[in-house]
**Student:** 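A single structure is presented below for examination.
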Amino acid sequence: MDTKNKFFNFLTLLMSLLPVFILVSIFAFVFYYSIPAIRYMGVRFFTTYLWYPGIESRPPIHINGVTAPYASSYGILLFLTGTLISSALAIVIALPLSFLSSMAVELYVPSGIKKFLISMIELFAGIPSVIYGLWGIIVLEPLLFHDIEPWMRDVLSTVPGFAGEIYSGAGILASGVILAFMIIPIIVSVMVNSFDTVPAEIKHGIVTLGATKWELGKYLITDYSRMSTYGGTLLGLGRALGETMAVLMVSGAVVNVLPSSFYSAINTMAAAVASLLDSAFFDATGMSISALSELSLVLMIISLSVNVLGRRIAGRSVLRGEEFD
Amino acid sequence: MKNLTDAGEQDSGIRWKSSTLRNAKNSLAGIAGYLALLAMLAIMVSIFGYIIQGGATHITLKIITTNGNTTTGGILNAIIGTWLLVGTGLLFSVPPGVLGALYNVQSTSHGGIASVTRLFTDILTSVPSIVIGLFGYLILVIRLGMGFSLLAGGMALGIMMLPYVMRISEISMRNVPAEQVNNAYALGADTINVAYRIYLPQAGAGIISGILLAIGIAAGETAQLLYTAGWNNALPSGLLKSPVAYLTYVVWYGINQPSAYAHQLAFVSAFILIIMVTALIFISKFIGRKGA
């Protein structure tokens, strides 16, 4: 083999390693930048929800060998809670809708429009997140504020979390609903795929035994292909955890106020990084940026673990509704 | 329908109920399924309806042909900026993506590295976009001194586009018959020949479909760009240290401004974005299906 080919082979190898290099660099640098915050805040980073950039007019303080603005505090409890609640809510909304719609698409709907419906569901994954945010602001928030949330409060007033003040439509519910539509295509994709890959003999066998469509669908999704269902749900969750712009636009993006009910405004880890970074530029000690790096690091570890686990369990990966085996 | 008896019951573990109840449940599930689909269709129509209506009623020639600052003027700088950023992203994602896919597809037999890179490539797509943005800010903008710029923003987008290009290219290259590749090698073809004469022509449609999907996704991204591309009221003056405007910023920033005109600009930008992105995704799907 001549040099040109050797070089070409080497180049392809190098390029195939590029994603590894990028991912490792992201981890390494984000970790490196988090070190001052880790030393400054320690465990309090996770146990306090106070995010306060400190008092600029006072001289900075020195703790554990690092410098931070006077009285500054960087706690992510609120953001962590917001991310977990909004993602959990998204799953609660998305899972039944995905289950019902993939079953309808596979078993009930005339085969002529099956392709159209699947494309429609996939399209939810392709809509840019700022568009979801815009729609959330102009359609969903007023609807939640004026109609749905007051109604929920009347009906569910005795259920904890559903009583309380309604300040605006932005908050946990709006975030959960928007996130749900972003992850439905991922879950549906896995469910539809698991339908399609079940051997025909098994499907025919079940039908021959007298099962109804509903029993067939329920059995396949919750039993025969349940690992795919779990995996798909985790892949969806992984997407919800890291979503930034849509949530930033409809969550209310609060700081330092813990939610008191499902109508409260929240903030998530991803949205917090996006909204707090520009003010962090002005922190001369660099501690705010370090704290946001640590926040990103924690977010990345959570969301990547969920994704890897989902990929492992589902046996494939689904990116924005696109199937990758 | 007669109920099954003993043996079947034991084996399947399904407790059969009276058939009327089962049929009622079946119909109910069907109705619920249709309702779920209908609800999703309604929301899809609502999203497209509001954006298209809002955009179509406010779009003027002046808005799309003049520069602006998200609250006054137009969005020409944002339209061109989006394409400049996506174009720069392509430079950093297509060559490595296609070359990497060539390696991965040919090394399936001896596994090892390819399975690791495949895993990392998938993981890279699930890195939250704002984390890529923060990384871009810390490393590209500050440490490497690029400033808010086309290069920094384009590279941040490229990081996000690379996995899509690489994985979809690899999947379409995998459809090339192995015998053909083996025959070519047996006839004395080298890797470059096999890449140019066999993989690229045969997997071309699939690769292009992957690239179009990556463009569609990148054009709609925001979080990577907030702190890498910045914002510019005009066009960037060069690759480095000159910020770039982009459409998603106008949507995000404009709708949060207390000015009717800013909302108008946000709607027009969202309108252009949604048309562009959906068109790209559908063309990508169409080409991909034709290629397969």
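Atoms considered below: every heavy atom in the structure, side chains included; atoms not considered: hydrogens, waters and symmetry mates.
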**Student:** Contact part of B:Asn256 toward chain A, heavy-atom cut-off under 4.5 Å: side chain, backbone, both or neither?
**Tutor:** side chain
**Student:** Is chain B contacted by the side chain of A:Ile184, its backbone, both, or neither, given a heavy-atom distance below 4.5 Å?
**Tutor:** side chain
**Student:** Which bit of A:Lys4 is near chain B, if near means a heavy-atom gap under 4.5 Å: side chain, backbone, both or neither?
**Tutor:** both
**Student:** Taking the side chain as every heavy atom from C-beta outward, state whether A:Asn5 and B:Asn193 have any pair of such atoms under 4.5 Å apart.
**Tutor:** no
**Student:** Using non-hydrogen atoms and a 4.5 Å limit, figure out which bit of A:Leu248 sits close to chain B: side chain, backbone, both or neither.
**Tutor:** side chain
**Student:** Within a 6.0 Å radius of atom CZ on A:Phe124, are there more than 12 heavy atoms belonging to other residues, nucleotides or ligands?
**Tutor:** yes
**Student:** Is B:Val277 in contact with chain A via its backbone, its side chain, both, or neither, using a 4.5 Å heavy-atom distance?
**Tutor:** side chain
**Student:** With chain A, which of B:Gly254, B:Ser46, B:Ala39, B:Ser269 has the greatest number of heavy-atom pairs at distances under 4.5 Å?
**Tutor:** B:Ser46
**Student:** Side chain from CB out, backbone as N, CA, C, O: work out which of these in B:Leu226 comes under 4.5 Å of a heavy atom of chain A, or both, or neither.
**Tutor:** side chain
**Student:** Between the main-chain N or O of B:Ser27 and the side-chain N or O of A:Tyr108, is there a donor-acceptor pair closer than 3.5 Å?
**Tutor:** no
**Student:** When only pairs under 4.5 Å are counted, which of A:Tyr132, A:Trp135, A:Phe29 shares the most heavy-atom pairs with chain B?
**Tutor:** A:Trp135
**Student:** Between A:Met120 and chain B, which part of the residue has a heavy atom less than 4.5 Å away: side chain, backbone, both or neither?
**Tutor:** both
**Student:** Within the structure provided, determine whether B:Tyr34 and A:Val109 are in side-chain contact (heavy-atom separation under 4.5 Å).
**Tutor:** yes
**Student:** Measuring heavy-atom distances to chain B, does A:Phe99 have an atom under 4.5 Å in its side chain, in its backbone, in both, or in neither?
**Tutor:** neither
**Student:** Measure the shortest side-chain to side-chain distance between B:Leu102 and A:Phe8 over non-hydrogen atoms and say whether it is less than 4.5 angstrom.
**Tutor:** yes
**Student:** Heavy-atom distance under 4.5 Å to chain A: side chain of B:Tyr50, backbone, both or neither?
**Tutor:** side chain
**Student:** Between chain A and each of B:Ile47, B:Val131, B:Leu28, count heavy-atom pairs under 4.5 Å; write down the option with the most.
**Tutor:** B:Ile47
**Student:** For B:Met166, is it the side chain, the backbone, both, or neither that has a heavy atom closer than 4.5 Å to a heavy atom of chain A?
**Tutor:** side chain
**Student:** Where on B:Ile139 is there a heavy atom nearer than 4.5 Å to chain A: the side chain, the backbone, both, or neither?
**Tutor:** side chain
**Student:** Within the structure provided, determine whether B:Asp122 and A:Arg311 are in side-chain contact (heavy-atom separation under 4.5 Å).
**Tutor:** yes
**Student:** Does any part of the side chain of A:Met300, heavy atoms only, come nearer than 4.5 Å to the side chain of B:Phe135, both counted from C-beta?
**Tutor:** no
**Student:** Roughly how far, to the nearest 0.5 Å, is OG1 of A:Thr244 from CD1 of B:Ile130?
**Tutor:** 5.5 Å
**Student:** Go through the atoms of A:Ser293 and report whether side chain, backbone, both or neither lie under 4.5 Å from a heavy atom of chain B.
**Tutor:** both
**Student:** Is it the side chain or the backbone of B:Leu38 that comes within 4.5 Å of chain A heavy atoms, both, or neither?
**Tutor:** neither
**Student:** Sort out for me which of A:Leu140, A:Val306, A:Val139 touches chain B most, counting heavy-atom pairs under 4.5 Å.
**Tutor:** A:Val139
**Student:** Between A:Leu13 and chain B, which part of the residue has a heavy atom less than 4.5 Å away: side chain, backbone, both or neither?
**Tutor:** both
**Student:** Which one of A:Ile26, A:Val308, A:Leu17 has the most heavy-atom pairs closer than 4.5 Å to chain B?
**Tutor:** A:Ile26
**Student:** Could you name the residues of residues 92-101 of chain B that have a heavy atom within less than 4.5 Å of a heavy atom in chain A?
**Tutor:** B:Pro96, B:Leu99, B:Gly100
**Student:** Please name the pair of heavy atoms, one in A:Leu100 and one in B:Ala29, separated by the smallest distance, quoted to 0.1 Å.
**Tutor:** CD2-O, 4.4 Å
**Student:** Contact between B:Leu134 and A:Tyr33 at the side-chain level, heavy atoms closer than 4.5 Å - yes or no?
**Tutor:** no
**Student:** A:Val24, A:Leu14, A:Asp278: which one forms the most heavy-atom pairs within less than 4.5 Å of chain B?
**Tutor:** A:Asp278
**Student:** Shorter than 4.5 Å, heavy atoms on both sides: which option in A:Gly217, A:Gly238, A:Ser25, A:Ser129 has the most such pairs with chain B?
**Tutor:** A:Ser25
**Student:** What part of A:Ser98 gets closer than 4.5 Å to chain B, counting heavy atoms only: side chain, backbone, both or neither?
**Tutor:** neither
**Student:** Top residue by heavy-atom pair count (under 4.5 Å) with chain B, among A:Asp223, A:Ile131, A:Ile137, A:Leu97?
**Tutor:** A:Ile131
**Student:** Checking heavy atoms, do the side chain of B:Ala195, its backbone, both or neither come under 4.5 Å from chain A?
**Tutor:** side chain
**Student:** If you count heavy atoms of other groups shown closer than 6.0 angstrom to CZ of A:Phe31, is the number above 12?
**Tutor:** no
**Student:** Within the structure provided, determine whether B:Met44 and A:Ile127 are in side-chain contact (heavy-atom separation under 4.5 Å).
**Tutor:** yes
**Student:** Among B:Val127, B:Leu162, B:Ile132, whose side chain to side chain contact (heavy atoms under 4.5 Å, CB included) with A:Ile22 holds?
**Tutor:** B:Leu162
**Student:** Would you mind checking which part of A:Ile289 comes under 4.5 Å of any heavy atom in chain B, side chain (CB onward), backbone (N, CA, C, O), both or neither?
**Tutor:** side chain
**Student:** For A:Val20, which atoms come within 4.5 Å of any heavy atom of chain B: side chain, backbone, both, or neither?
**Tutor:** both
**Student:** Against chain A, work out which of B:Val116, B:Ile43, B:Ile142 has the most heavy-atom pairs shorter than 4.5 Å and name it.
**Tutor:** B:Ile43
**Student:** Less than 4.5 Å apart, any side-chain heavy atom of B:Leu138 and any of A:Tyr32?
**Tutor:** no
**Student:** With a 4.5 angstrom heavy-atom cut-off, which part of B:Leu41 approaches chain A: side chain, backbone, both or neither?
**Tutor:** both
**Student:** Taking all heavy atoms of A:Ile138 and all of B:Phe267, pick out the closest pair and write down the distance.
**Tutor:** CD1-CZ, 3.4 Å
**Student:** Of the non-hydrogen atoms in A:Leu134 and B:Ala266, which two are nearest, and what is the gap between them?
**Tutor:** CD2-O, 4.4 Å
**Student:** Of all heavy-atom pairs between B:Gly220 and A:Pro128, which one has the smallest distance, and what is that distance?
**Tutor:** O-CB, 3.5 Å
**Student:** Name the region of B:Tyr249, side chain, backbone, both or neither, that has any atom closer than 4.5 Å to a heavy atom of chain A.
**Tutor:** neither
**Student:** Side chain from CB out, backbone as N, CA, C, O: work out which of these in B:Ile192 comes under 4.5 Å of a heavy atom of chain A, or both, or neither.
**Tutor:** both
**Student:** Step through the shown structure and confirm whether more than 12 heavy atoms of other residues, nucleotides or ligands are within 6.0 Å of CZ on A:Phe281.
**Tutor:** yes
